[in-house]
> 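Pasting in a structure now, in structure tokens, and then I'll have a few things to ask.
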Amino acid sequence: MANAIPSRSENYSEWYNELVKRADLAENSAVRGCMVIKPYGFSIWEKMQRALDDMFKETGHMNAYFPLFIPKSFLSKEASHVEGFAKECAVVTHYRLKNAPDGSGVIVDPDAKLEEELIVRPTSETVIWSTYKNWIQSYRDLPLLINQWANVVRWEMRTRLFLRTTEFLWQEGHTAHSTSDEAMAETRQMLEVYARFAEEWAAIPVIKGYKTANERFAGAEETLCIEAMMQDGKALQAGTSHYLGQNFAKAFDVKFQSKAGTLEYVWGTSWGVSTRLMGALVMAHSDDSGLVLPPKLAPIQVVIVPIYRSEEQLAQITEKVKEISAGLRKKGISVKFDDSDANKPGWKFAEYELRGVPVRLAMGARDLENGTVEVARRDTKEKMTVQLEGIVDRIETLLEEIQQNIYDKALAFRTANTHQVDDYAEFKQVLDEKGGFILAHWDGTPETEERIKEETKATIRCIPYNAPEEEGKCILTGRPSSRRVLFARAY
């Protein structure tokens, strides 16, 4: 039950871990660092997938699938890429097992060593660009706009459900273009898609910006990102879009014949979001009673609980509920009628509150007589008695209000916890005592960025798109700075 969850104020980390498990989103698996996404959690991920996939296709992208295994030599072709991922790679060295001679079980067959080791994909740039060499010959083949829904493996030492797991689910877009400008426009466009999804579907306000050179994706010339604030004041990177320049095209010799007849290297991008968004959804909105889900991503948007003393009363309530449910489904609203007799209404109320169902209706015999129904909204916990007449339209409007209210609450929290500081002592004090986002001046050097990170555990989350030009001094070195950047401790 929801009262078994630790409070956020007492132990935020434990609150998160317990909520993910208690709300039936996911659990740890038998494989260290990996998770089992349970049906309720996966149904949220499916709604995320569906919304994002529609957005990708609206912008001209098509889905494909590429191998899970990548030849080790592929990662050696782009120097910064292999350096960025080398420590996280899982490596396949053999292709067969055999029974141990002593009967103790199975062992790796030493005679089945691969001629070249295979990397379990940490990301797919290399295997995809090796394929693009065969797909692209002329400017007529461009732009090539491909997305892949897949799983990836990055060998993590410290894991947490959804936020950081050895294996996770994601999508990765990989596109090829005839000009640098077109590739950069694609990079920006896809970040806008992510931002729109985060704000309009997940109800999470985000800050769009550029990553510093230290924080860029390995192999990219520019990385754009969206950063979100969680309720403990920490930042979470919710999506990234990378301008690859011609780095991977040159590494894999991907050229095209231009309209002028010259042979040129193509320009590339890659972009992705993962099941980390599930963690963001939990941490941005939920409370000590359980999940708070924005209606657009809730597997069950409306639950109806009957309150009855006899089978006759249940039959009468059921008839009315069928009518309401049919009206809701016509509007594309998912509804569940929980008429099971295994648990009492009070238990059901607490369970659906824990699972974050946005709207709960409770209907008893007296409600039928009066032509009313009790409506409870999850975001504010407000209860009201309303007329059954027009209830379907009322609920549709209410779901829209809840979606907006959840976003507005998250935005107000971010605003209240964003601070502007001008010196290093204040910077450290705000980090330790308040947390949140800090807008401060930085001299633009990777050395200063690294020293601040080492001393405070705060990183530059991004250089915001809308950061106004403002003369100032770096909080650490006092050197000139022309704009503030966004610092925070992060997941």
Side-chain angles (χ1 to χ4, degrees), residues 8-9 12 15-16 19 23 44 47-48 51-52 55 191-209 225-239 273 277-302 331-334 352-360 375-384 386 393-420 434-439 461-462 464-466 486 488 491:
R8 290 165 294 170
S9 59
Y12 190 84
W15 164 81
Y16 171 80
L19 179 51
I44 298 173
K47 293 194 94 168
M48 290 181 168
L52 283 165
M55 292 179 184
L191 193 79
E192 291 296 332
V193 167
Y194 289 154
R196 183 158 62 91
F197 171 79
E199 298 192 337
E200 294 180 11
W201 287 78
I204 299 173
V206 294
I207 292 177
K208 296 173 283 189
C225 64
I226 51 172
E227 295 289 330
M229 184 186 291
M230 303 297 98
Q231 289 182 76
D232 62 349
K234 286 186 178 179
L236 187 139
Q237 181 179 281
V273 295
L277 284 174
M278 294 282 293
L281 198 66
V282 174
M283 291 197 296
H285 304 313
S286 301
D287 60 26
D288 293 347
S289 298
L291 296 178
V292 174
L293 296 177
K296 285 186 178 181
L297 295 179
I300 304 167
Q301 293 170 306
V302 179
K331 289 183 174 289
I333 296 168
S334 59
Y352 291 116
E353 185 174 74
L354 171 65
R355 287 171 170 253
V357 177
V359 173
R360 185 187 75 233
V375 178
R377 51 188 289 178
R378 177 63 183 89
D379 60 330
T380 62
K381 297 189 178 181
E382 178 187 1
K383 294 179 185 178
M384 58 199 115
V386 303
D393 290 338
R394 179 79 178 264
I395 290 173
E396 182 181 37
T397 300
L398 182 60
L399 289 169
E400 292 170 358
E401 289 176 6
I402 292 171
Q403 181 82 25
Q404 187 63 46
N405 182 59
I406 291 174
Y407 174 83
D408 290 344
K409 184 178 178 183
L411 180 59
F413 180 84
R414 189 187 76 185
T415 301
N417 289 279
T418 299
H419 316 284
Q420 196 164 290
K434 296 179 180 178
F437 287 173
I438 296 179
L439 291 165
R461 303 312 304 159
C462 69
Y465 275 4
N466 59 356
L486 188 72
Y491 284 97

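Just so it is clear, the structure is predicted and the values come from calculations on it, not from any experiment.
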> Find out whether M48 and L281 are in side-chain contact, i.e. whether some heavy atom of one side chain is under 4.5 Å from a heavy atom of the other.
yes

> With sequence neighbours excluded, tell me which residues meet side chain to side chain donor-acceptor pair (under 3.5 Å) with E227.
K211, R461

> Which distance, rounded to the nearest 0.5 Å, do you find between the CG of L236 and the CD1 of I226?
9.5 Å

> First locate atom CD1 of I207, then atom SG of C225, and finally report the distance between them rounded to the nearest 0.5 Å.
9.5 Å

> What distance do L277 atom CG and I44 atom CD1 have between them, rounded to the nearest 0.5 Å?
12.0 Å

> Apply side chain to side chain donor-acceptor pair (under 3.5 Å) to E192 and list each qualifying residue two or more places apart in sequence or on a separate chain.
K208

> Return yes when atom NZ of K47 has more than 12 non-hydrogen atoms of other residues, nucleotides or ligands closer than 6.0 Å, and no otherwise.
yes

> A side-chain contact here means heavy atoms from C-beta on lying under 4.5 Å apart; do I402 and R378 qualify?
no

> I want to check something: taking the side chain as every heavy atom from C-beta on, are L486 and I438 in contact at a cut-off of under 4.5 Å?
no

> Which is it for V357 and L291 under the side-chain contact (heavy atoms from CB on, under 4.5 Å) test, yes or no, and what are the steps along the way?
CA-CA 8 Å; V357 177; L291 296 178; over 6 Å; no

> Within the supplied structure, the quantity of interest is the number of heavy atoms (other residues, nucleotides, ligands) at a distance under 6.0 Å from R377 CZ; does it exceed 12?
yes

> How far apart are the closest heavy atoms of K383 and A376, and which atoms are they?
CG-CB, 3.9 Å

> Are the side chain of K296 and the backbone of E200 linked by a donor-acceptor contact shorter than 3.5 Å?
yes

> Return the minimal non-hydrogen interatomic distance between A488 and F437, and the atom names on each side.
CB-CD2, 3.8 Å

> Could you tell me if the side chain of P299 sits less than 4.5 Å from the side chain of R355, heavy atoms only?
no

> Can you see which heavy atom on C462 is nearest to which on P464, and at what distance?
O-CD, 3.4 Å

> How long is the gap from CD1 on I204 to CD1 on I406, to the nearest 0.5 Å?
10.5 Å

> Give the intermediate values and the outcome of side-chain contact (heavy atoms from CB on, under 4.5 Å) for residues Y16 and M230.
CA-CA 11 Å; Y16 171 80; M230 303 297 98; over 6 Å; no

> Quick one: do V359 and L399 satisfy side-chain contact (heavy atoms from CB on, under 4.5 Å)? Show the steps, please.
CA-CA 8 Å; V359 173; L399 289 169; 3.7 Å; yes

> What distance separates Q403 CD from D408 CG, expressed to the nearest 0.5 Å?
10.5 Å

> Report the C-alpha distance between D232 and W15 in whole Å, list the side-chain angles of each, state the deciding distance to 0.1 Å, and finish with yes or no for side-chain contact (heavy atoms from CB on, under 4.5 Å).
CA-CA 11 Å; D232 62 349; W15 164 81; over 6 Å; no

> Given 3.5 Å as the limit, does a donor-acceptor pair link the side chain of H285 with the main chain of A202, or not?
yes

> Does any N or O in the side chain of Y12 come within less than 3.5 Å of the main-chain N or O of M283, such that one atom is a donor and the other an acceptor?
yes

> Would you call D287 and R8 a salt bridge, taking side-chain N to carboxylate O under 4.0 Å as the test?
no

> Do the side chain of W201 and the main chain of R196 share a donor and acceptor less than 3.5 angstrom apart?
no

> Report yes or no: does Q301 contribute a side-chain atom to a donor-acceptor pair with the main-chain N or O of P295 at less than 3.5 Å?
yes

> Give the table of side-chain donor-acceptor pairs shorter than 3.5 Å for residues 410-419, with sequence neighbours excluded, one pair per line with atom names and distance.
residue: R414; atom: NH1; partner: V206; partner atom: O; Å: 3.4
residue: T415; atom: OG1; partner: L411; partner atom: O; Å: 3.0
residue: N417; atom: ND2; partner: F413; partner atom: O; Å: 2.8
residue: T418; atom: OG1; partner: R414; partner atom: O; Å: 2.6
residue: H419; atom: NE2; partner: G435; partner atom: O; Å: 3.3

> Where is the tightest heavy-atom contact between S289 and K381, given as atom of each residue plus distance?
OG-NZ, 2.6 Å

